[in-house]
Amino acid sequence: MRLAVCLIIFVHIALELPAQRIYHVSKNGHDENPGTIQQPFRTIGRTNQLMLKPGDQLLFKGGEIFDGNILLDETDAGTGANPVRIASYGEGRATIYAGLGTALLAMNTEGISVENLVVKGDGSDTNDGSGIAVVNSLPGDRRLSYVRIKNISASGFGRDIKKLKGEIVGMQNPSGQGIFVGGTAVDKSKSGFNDVLIENCETFENEFYGILISGYWQDDPSRHIRFINNAYWSPAGNFRAGGCLSFDQWRKNSGHEMLKGRETGMFADPQLTGNGGFPSTGYTRESLCISGYLIKKGSPLIDAGLDIRRLFKSDVVRSDYCGVAFKPSRKPDIGAFEFNAD
């Protein structure tokens, strides 16, 4: 009898453990499919119907462009040990083309990792969104934990100024940024985020800030945040962050862009072909790879990236967005595109 009881308890515990699911999205898929790699979904609209649990992954096929706006809420939450992961699969990186909105909005959720994507808006003069926006609007000084944003290229995002009239004074609107992480609590409390890492990202041609960590001005909205190996640039050549007016001063005062005692990242003209231009119609992987994002010879981004394979023992990303393979003999470049001298 004791043995039978033990077996029943063991089976009950095993059934309580949730299975980690991997969903795939491809332009060759169909929204009636189960989302497997053999039978992927087709649209972002279908993926927004999912309820992602700890350890689940939502993967978009590399080299393809997906129209739409990814939405995550409190029902799509992971943990630090088992985060919900949004990323690319296959060769290269997928592009999320957000049009007039936000490419990925994570509202009141935690335990998420967004990796290896290109996010594009319709242009800073017409778009009213951000590339990646992780927002906490919960009342009562609620702190959400664990956000990872890695290997993201974000551009073309803006803000409709007319929409600011009804907003609460002291709160930074999350629109108009390449990447936004912050608190917008409805009761103006100190709600925000703990344990945030933004790593190896590039943001450019956005209306306001490339990367903004914000909340109510009188409070510290997010703690334990680190920036590592990002490229920053303003056409006017001006840098401003955390009360600092130079990149070197900000790095020294804040401890950002430091890894194991070594300086990372840079504030410099990335020297892109066409200054990051984006085709207004007929955008494809091929047009993106020739229309303004490639690195020119002599760019400071060349060989300035982190060697993820060596530092973190990871071989997940083997090529850039255009399918250019990383060469074992040299360090990777900062951003989504490797310099190709061929």
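As the structure is a prediction and not an experimental result, all values here were calculated from the model. Because only heavy atoms are used, hydrogens play no part in the values below, and waters and symmetry mates are left out as well, while side chains stay in.
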Side-chain donor or acceptor of R142 paired with backbone N/O of A185 under 3.5 Å: no
Distance-only donor-acceptor check, side chains D31 and T43, under 3.5 Å: yes
Going from CG on N206 to CZ on F208, what distance comes out if it is rounded to the nearest 0.5 angstrom? 11.0 Å
Say whether, by atom type as modelled, one donor and one acceptor occur between the side chain of S299 and the main chain of P270 under 3.5 angstrom. yes
Check whether any side-chain heavy atom of F180 sits under 4.5 Å from a side-chain heavy atom of V134, and report yes or no. no
All heavy atoms of V119 vs all of F157, minimum pair found to be O-CE1, 3.6 Å
Nearest 0.5 angstrom please: D73 CG to T109 OG1, how far? 7.0 Å
Proximity of F239 and F267 rings by center, below 6.0 Å: yes
What are the two closest heavy atoms between I96 and G68, and how far apart are they? CG2-O, 3.8 Å
I'd like to check the ring-ring contact (aromatic ring centres under 6.0 Å, His included) partners of F66; sequence neighbours left out, ordered by chain and number. F60
Can you tell me how far apart OG1 (T203) and CD1 (I179) are? Round to the nearest 0.5 Å. 6.0 Å
Is it the case that K120 and S155 place a side-chain donor and acceptor less than 3.5 Å from each other? yes
Please give me the minimum heavy-atom distance between T102 and L105, naming the atom from each residue. CG2-N, 3.9 Å
With rounding to the nearest 0.5 Å, note down the distance linking CG in D248 to CE in M266. 11.5 Å
Are L100 and I70 in one and the same hydrophobic cluster, where Ile, Leu, Val, Met, Phe, Trp and Tyr link if side-chain heavy atoms are under 4.5 Å apart? no
Partner of E207 under side chain to side chain contact (heavy atoms under 4.5 Å, CB included), picked from S175, S130, S124, is S124
With a 4.5 Å heavy-atom cut-off, do W250 and H256 have their side chains touching? yes
Apart from L245 itself, its cluster of hydrophobic side chains linked below 4.5 Å comprises none
Just by distance, with hydrogens left out, do Q20 and D56 show a side-chain donor and acceptor under 3.5 Å apart? no
So do the side chains of I198 and I213 get within less than 4.5 Å of each other, counting heavy atoms only? yes
Please confirm whether the backbone N or O of R143 pairs with a side-chain atom of S191, one donor and one acceptor, at under 3.5 Å? no
Does the side chain of E263 come within less than 4.5 Å of M258's, by heavy atoms? yes
Considering only heavy atoms from C-beta outward, does the side chain of V135 approach that of M107 to under 4.5 Å? yes
Would Y232 and F204 count as a side chain to side chain contact (heavy atoms under 4.5 Å, CB included) here? Give the steps. CA-CA 8 Å; Y232 310 81; F204 55 95; over 6 Å; no
How about K53 and R21: do any of their side-chain heavy atoms sit closer than 4.5 Å? yes
Could you pull out the closest heavy-atom pair between K297 and Q271, with the gap in Å? O-OE1, 4.1 Å
Residues two or more places apart in sequence or in another chain: which of them pass side chain to side chain contact (heavy atoms under 4.5 Å, CB included) with V84? L52, I86, I112
Cation over ring face, R251 and F247, 6.0 Å, 45°: no
Apply salt bridge (charged side-chain N to carboxylate O under 4.0 Å, His left out) to the pair R148 and D195, showing each step before the final yes or no. CA-CA 8 Å; R148 297 292 185 266; D195 193 8; 3.0 Å; yes
For I37, what are the other residues in its hydrophobic cluster, where any two members join if their side-chain heavy atoms are less than 4.5 angstrom apart? I22, L59, Y89
With a 3.5 Å cut-off and no angle check, do the side chains of E202 and S153 form a donor-acceptor pair? yes
If we only count heavy atoms from C-beta on, is the L117 to T95 side-chain gap below 4.5 Å? no
Hey, is the main chain of Y209 close enough, under 3.5 Å, to the side chain of Q177 for a donor-acceptor pair? yes
Residues in side chain to side chain contact (heavy atoms under 4.5 Å, CB included) with N108, at least two apart? E74, N136, S137, L138
Would you say the side chains of D187 and S189 form a donor-acceptor pair under 3.5 Å? yes
Pairs meeting criterion salt bridge (charged side-chain N to carboxylate O under 4.0 Å, His left out) with involvement of residues 98-112, two or more places apart: none
Contact between L197 and I149 at the side-chain level, heavy atoms closer than 4.5 Å - yes or no? no
Given Y97, which of D67, D122, N69 fulfils the side-chain hydrogen bond (donor to acceptor under 3.5 Å, both in side chains) condition? D122
I need the C201 SG to E199 CD distance, nearest 0.5 Å. 8.0 Å
At their closest point, which heavy atom of N116 faces which heavy atom of R85, and how far apart are they? ND2-NH2, 4.3 Å
One pair to check against side chain to side chain contact (heavy atoms under 4.5 Å, CB included): L144 and N194. What are the steps and the verdict? CA-CA 6 Å; L144 301 175; N194 293 323; over 6 Å; no
Heavy-atom nearest pair, Y146 first then T79, reads CD2-O, 4.3 Å
Is there a side chain to side chain contact (heavy atoms under 4.5 Å, CB included) between S26 and E64? Walk through the geometry before answering. CA-CA 7 Å; S26 169; E64 296 187 349; 3.4 Å; yes
Looking at CD1 of I228 and OG1 of T264, how far apart are the two atoms once the value is rounded to the nearest 0.5 Å? 6.0 Å
Any side-chain to backbone donor/acceptor pair from N151 onto E115? Under 3.5 Å, distance only. no
